[in-house]
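These notes concern the structure reproduced below.
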Amino acid sequence: MRQPSIRPTDVDAAVTRLLVSNRLLASLQPSDRALLERHLEAVTLYQGEVLFEPGDDVTRTYFPCASTMASLVVMMQTGRAAEAATIGREGAIGGIVSSGYKPAFTRSEVQIPGPALRIETARIEEAKERSATLRDLFSRYADALLAQILQSVACNALHSLEARCCRWLLTTQDRVNSAEIPLTQEALAEMLGVQRTTVTSVARALRARGLIRYARGHIVILDRARLEEAACECHSAVKQHFERILPEIKPQSIILRPDG
Ligand SMILES: [Zn+2]
């Protein structure tokens, strides 16, 4: 089978380096990669950076790389907000399924800073018109993202704050692939939609049981196996669906112990 030829000079070296650290892009067939890579741009996302607001036309799509993570946040009229989903190196933020004018429903905010690949959403639409396999991959990713959101609806209604907190820590560790999660308890409280004091008492209980410790704006996971036991079923349910629906995305190794 003939693959399109790519001259190395056509693609920025930073893009080539980052392509392998987003699991969705890393799983692309060479012909699909060739359709996208020339349009990708390496960028750095900053903590708290807003990628889009509700109502914005989503003209750019971001693929988080390495440990970069962003949230989709639903804004209420009172000014309060709650996280609906988190997206890291396994996925994409922006318009990868719909085409044409795509007003955003949520805010997207960067939670953990780092590198990402950015592309004009119109370039993705052109590539999808040319490739059925790319359309299929992105549609399946959208289904996996929807599953995460559906599970969170049930999780928020049925599961305890402690179990949800453990689920959130496990999911975030999967994204950052480190025992150290670079987030403060304030940020954790915001993402769980509770008061800071409430999350502090949950974190204190997890610390007393030797599951986590916290220092200098980091939460360190000390015992992943026991954290999995303390979490609700939602983390593994979402992960299993993701693996079933996107089998070409390689399993990732998780660093279980803190670095030191
Ligand atoms: Zn749950």
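Note that the numbering runs from 1 along the sequence shown for the chain. One-based numbering, in listed order, for ligands and for the atoms of each.
Side-chain contact between Asp174 and Glu90: absent, with no pair of heavy atoms (C-beta onward) separated by less than 4.5 Å. Under the 4.5 Å side-chain criterion, counting only non-hydrogen atoms from C-beta, Glu233 is in contact with His159.
Between Glu228 and Arg224, at least one side-chain nitrogen of the basic residue sits less than 4.0 Å from a carboxylate oxygen of the acidic one, meeting the salt-bridge criterion.
The neighbour count for Gln195 CD, taken as heavy atoms of other residues, nucleotides or ligands under 6.0 Å away, does not exceed 12.
Met69 contributes atom CE, which lies 9.5 Å from atom CD of Gln47 (distance to the nearest 0.5 angstrom).
Around the Zn ion (ligand 1), the protein atoms of type N, O or S that sit closer than 2.8 Å are Cys155 SG, His159 ND1, Cys232 SG, Cys234 SG.
Screening Asp12, Leu18, Thr16, Leu25 for a side chain to side chain contact (heavy atoms under 4.5 Å, CB included) with Leu40, the sole residue that qualifies is Leu25.
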